[in-house]
**Student:** 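Sharing a structure here in structure tokens format.
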Protein chains: 2
Amino acid sequence: MYTESIEDYLKAIYEIQKEHAKVSTNSLSEKLNVAPASVTSMIKKLSEKKLVTHKRYQGVKLTKAGQKISLEIIRHHRLIELYLAEALGVPWDQVHEEAEKWEHVLSEDLEDRMDAVLGYPTRDPHGAPIPSRDGTIAELDSIPLADLRSGQSAVVAEVSDHDPDLLRYVGKMGLYPKAKFKVLSIEPFNGPIKIKVDGSEHVLGSGAAQYVFVTEVKGSTTGAT
Amino acid sequence: MYTESIEDYLKAIYEIQKEHAKVSTNSLSEKLNVAPASVTSMIKKLSEKKLVTHKRYQGVKLTKAGQKISLEIIRHHRLIELYLAEALGVPWDQVHEEAEKWEHVLSEDLEDRMDAVLGYPTRDPHGAPIPSRDGTIAELDSIPLADLRSGQSAVVAEVSDHDPDLLRYVGKMGLYPKAKFKVLSIEPFNGPIKIKVDGSEHVLGSGAAQYVFVTEVKGSTTGAT
DNA sequence: TATCATTTTTAGATGAGTCTAAATTCTATT
DNA sequence: AATAGAATTTAGACTCATCTAAAAATGATA
């Protein structure tokens, strides 16, 4: 077993790697809320344990072994989130925080039991894919809502869980995973976006729209500038 | 919030205090699997935080504040045990280990949700009382099964959860909390005990019978020597 | 291409919790 | 009451993860 701290680093590296290719000391420092010097010394340790590869001043990259562990933690995290939401009615903006602590102490046996009770799910409450036990993960092919055009309709695939306020904000509009909606208008220069979800209209700031990812985009691409 | 280690010490002190009045450095050392010197230094810290009182060479005692915290942890522990058994079907010999880790990271909100789902229970799967939120606990008035006499019948109140093997052993005989049974014979000098539970007979070593606590004792006290 | 701001690393310290070995205090027995 | 053996505490060291301050490397631009 690895320490909680090591698990947190590996998870953070995986998440940054998914978006940025370069996983810098600074990005980890920000994500984990620790000083850059602390990151450097942890990187040294992870590197010795062959969980990451590291070239000085060039960022880190997970090894096979490192990725396996990070996906195990992410599996724990997302199964827990879904379990809390489904079985105990915890609101989707609170499940992340709870899972953040529990994920490090969940046994494999309990993981399996939760998985079974949930019916072997593939998505967490925010739409993020749940890695399988053997370490495969179905990453989504989705785009930010902010990139849509007027007149297009789409389906919510995933909402970033990094900020509870964001989740409450878009939740009030009904923008949960699998929700269908239509873009009525979208203003230029990152202006507000008017959408129709389940019969009712809402206006959404572009900041939030960056963090709502959608699929099944249909309709005119020429509606607005 | 206190560290996991502090919580473990407080819980251990509570548990020893319940049986032994003197909570010695050595008893803590054994219960927590740490060196006696480590206990001494932790006692110093707990004492500074006013969670225990301590006279050198004379053992420790929980303060009001210390007891409150230890009961909160025990509440977490026992609610989790019951939840795991009821909601996820975890066998009663495994719930302790799982709860031991989870108890330290359980939020108050989740505690409340589990409490409600379980219907505000008063006993964990081993029959131990669950402290209330405000820190009251209904300690049981029970005696070890080993102290019974031939011919007496009684009801299982609680089984010690300190050893999973013990739980599996007595579980095979049906000696769960609330089970009624009758002592058919009991041999002297800590000999084997023959009992009848739910229609079938079993023989039980006195070692195990020390850790099974019973109430509602009825019948002859004069049956055996 | 030389310089300067940014990023990263090194050096050294800190706090938490643990350990071993040695000293001290207590207690039971003669 | 003296003393042997057990329990407890002190002293000093270790690991883990972090920090701050300072040095070094990078790379962007004038």
Side-chain angles (χ1 to χ4, degrees), chain A residues 1-14 16-17 19-62 66 69-70 73 100-101 103-105, chain B residues 1-17 19-62 65-66 69-70 73 100-101 103-105:
Chain A
M1 258 313 252
Y2 295 97
T3 65
E4 189 166 323
S5 193
I6 286 179
E7 291 182 350
D8 281 337
Y9 274 86
L10 292 175
K11 188 161 62 115
I13 293 167
Y14 181 90
I16 296 170
Q17 204 168 77
E19 314 241 300
H20 291 301
K22 281 269 134 67
V23 181
S24 68
T25 298
N26 257 6
S27 61
L28 282 167
S29 161
E30 273 174 41
K31 180 142 201 156
L32 295 166
N33 265 301
V34 295
S38 309
V39 174
T40 299
S41 70
M42 181 55 98
I43 283 174
K44 201 178 151 203
K45 178 180 297 182
L46 296 177
S47 192
E48 280 161 7
K49 291 184 190 297
K50 310 273 189 199
L51 298 171
V52 302
T53 54
H54 176 56
K55 287 176 234 139
R56 291 179 77 228
Y57 294 94
Q58 297 297 126
V60 292
K61 194 169 178 300
L62 290 173
I69 294 160
S70 74
I73 305 302
E100 205 65 9
K101 300 171 294 175
E103 63 189 7
H104 299 292
V105 297
Chain B
M1 257 313 251
Y2 294 98
T3 66
E4 191 167 320
S5 194
I6 285 178
E7 291 182 349
D8 281 337
Y9 274 88
L10 293 175
K11 188 162 62 115
I13 293 167
Y14 181 90
E15 282 163 5
I16 296 170
Q17 205 168 78
E19 314 243 298
H20 292 299
K22 282 269 133 69
V23 181
S24 67
T25 299
N26 257 6
S27 62
L28 282 167
S29 160
E30 274 174 42
K31 181 143 200 154
L32 295 167
N33 264 298
V34 295
S38 309
V39 174
T40 299
S41 69
M42 181 56 96
I43 284 173
K44 201 177 151 204
K45 178 180 297 179
L46 296 176
S47 192
E48 280 162 7
K49 291 183 189 296
K50 311 269 190 204
L51 298 171
V52 302
T53 54
H54 176 56
K55 289 176 233 137
R56 292 179 74 222
Y57 294 93
Q58 298 296 126
V60 292
K61 194 168 179 300
L62 289 173
I69 294 160
S70 74
I73 304 300
E100 204 66 8
K101 300 170 296 175
E103 65 190 4
H104 300 292
V105 298

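Atoms considered below: every heavy atom in the structure, side chains included; atoms not considered: hydrogens, waters and symmetry mates. In what follows, chains are A, B, ... by sequence order, proteins preceding strands, each numbered from 1.
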**Student:** Using whole Å, what does the distance between atom P of nucleotide D/dT10 and atom CD1 of B/I43 come to?
**Tutor:**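 Distance check: B/I43 CD1 to D/dT10 P gives 11 Å.
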**Student:** Mapping A/S41 and B/G59 to their closest nucleotides on DNA chain D, which lands nearer the 5' end?
**Tutor:**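 Whichever sits nearer the 5' end wins; that is B/G59.
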**Student:** Categorize B/T40 for me: base, sugar-phosphate, or nothing, with a 4.0 angstrom heavy-atom threshold over every strand shown.
**Tutor:**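 Base: the residue B/T40, judged by heavy atoms under 4.0 Å, touches a nucleobase.
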**Student:** Between A/K45 (NZ) and D/dT18 (C1'), how many Å, whole number?
**Tutor:**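 In whole Å, D/dT18 C1' lies 10 Å from A/K45 NZ.
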**Student:** What's the separation between atom NE2 in B/H20 and atom CD in B/E15, rounded to the nearest 0.5 Å?
**Tutor:**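 Separation between the atoms: 11.5 Å.
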**Student:** Starting at atom NZ of B/K55, determine the distance to atom P of C/dT24, rounded to an integer number of angstrom.
**Tutor:**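 Taking atom P of C/dT24 as the reference, NZ of B/K55 is at 24 Å.
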**Student:** Within the 4.0 Å heavy-atom criterion, would you say A/T3 contacts the bases, only the backbone, or no part of the nucleic acid?
**Tutor:**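 Sugar-phosphate, no base atom in range.
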**Student:** Under 4.0 Å, counting only non-hydrogen atoms across every strand here, what does B/Y9 touch: a base, just sugar-phosphate, or nothing?
**Tutor:**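 Contact class for B/Y9: sugar-phosphate only.
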**Student:** Send over the distance from A/K22 NZ to D/dG27 C1', rounded to a whole Å.
**Tutor:**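 Nearest whole value for this atom pair: 13 Å.
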**Student:** Looking at A/S5, I'd like to know whether one of its side-chain N or O atoms comes within less than 4.0 Å of OP1 or OP2 on D/dT18.
**Tutor:**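 The answer is yes; a side-chain N or O of A/S5 sits under 4.0 Å from OP1 or OP2.
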**Student:** Is B/R56 close enough to C/dT24 that one of its side-chain N or O atoms is under 4.0 Å from OP1 or OP2 there?
**Tutor:**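 Checking C/dT24 against B/R56, no side-chain N or O comes under 4.0 Å of OP1 or OP2.
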**Student:** With the side chain of A/Q58 defined as its heavy atoms from C-beta on, choose the nearest nucleotide among D/dG27, C/dT10, D/dC16.
**Tutor:**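 Of all the options, the side chain of A/Q58 is nearest to D/dG27.
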**Student:** Is A/N26 close enough to C/dT6 that one of its side-chain N or O atoms is under 4.0 Å from OP1 or OP2 there?
**Tutor:**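 So the side chain of A/N26 is outside the cut-off, no N or O lying under 4.0 Å from OP1 or OP2 of C/dT6.
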**Student:** Could you tell me the separation between the OH atom of B/Y2 and the P atom of C/dG17, rounded to a whole number of Å?
**Tutor:**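 Value for this atom pair: 13 Å.
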**Student:** Nearest 0.5 Å please: distance from the CD1 atom of B/I73 over to the CD1 atom of B/I6.
**Tutor:**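 With rounding to 0.5 Å, CD1 (B/I73) is 11.0 Å from CD1 (B/I6).
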**Student:** Whole-Å distance between D/dA17 C1' and A/L28 CG?
**Tutor:**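 Result: 15 Å.
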**Student:** Among C/dT9, D/dT8, C/dT8, find the nucleotide with the atom closest to the side chain of A/H54.
**Tutor:**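 When the side chain of A/H54 is considered, C/dT9 is the closest of C/dT9, D/dT8, C/dT8.
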**Student:** Consider the side chain of B/A37, meaning its heavy atoms from C-beta on, and name the nucleotide among C/dA21, D/dC16, C/dT9 that approaches it most closely.
**Tutor:**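 Nearest listed nucleotide: C/dA21.
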**Student:** Looking only at non-hydrogen atoms, find the nearest pair between B/S24 and B/S27 and report the distance.
**Tutor:**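 For B/S24 and B/S27, the tightest heavy-atom pair comes out as O-OG, 2.7 Å.
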**Student:** Rounding to an integer number of Å, can you tell me how far A/E30 CD sits from C/dT8 P?
**Tutor:**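 Interatomic distance, CD of A/E30 to P of C/dT8: 10 Å.
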**Student:** Measure the spacing between CG of B/L28 and OH of B/Y9 and express it to the nearest 0.5 Å.
**Tutor:**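 Between B/L28 CG and B/Y9 OH, I get 7.5 Å after rounding to 0.5 Å.
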**Student:** Answer yes or no: side-chain N or O of B/Y57 and base N or O of C/dT24 forming a donor-acceptor pair under 3.5 Å.
**Tutor:**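 Answer is yes: a donor-acceptor pair is held.
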**Student:** Does B/K101 use its side chain to pair, donor to acceptor, with the backbone of A/V105 at less than 3.5 Å?
**Tutor:**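 Present.
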**Student:** Is A/S29 reaching over with its side chain to a backbone N or O of A/V34, donor-acceptor style, under 3.5 angstrom?
**Tutor:**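 Checking the backbone N and O of A/V34 against the side chain of A/S29, a donor-acceptor pair under 3.5 Å is found.
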**Student:** What is the nucleic acid contact for A/S38, judged by heavy atoms within less than 4.0 Å: base, sugar-phosphate only, or nothing?
**Tutor:**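 Contact class for A/S38: base.
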**Student:** How many whole angstroms separate atom CD of A/E4 from atom C1' of C/dG17?
**Tutor:**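 Atom CD in A/E4 sits about 16 Å away from atom C1' in C/dG17.
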**Student:** Under 4.0 Å between any heavy atoms, over every strand shown, what does A/K44 touch: base, sugar-phosphate, or nothing? Just pick one.
**Tutor:**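 Nothing, no nucleic acid heavy atom in range.
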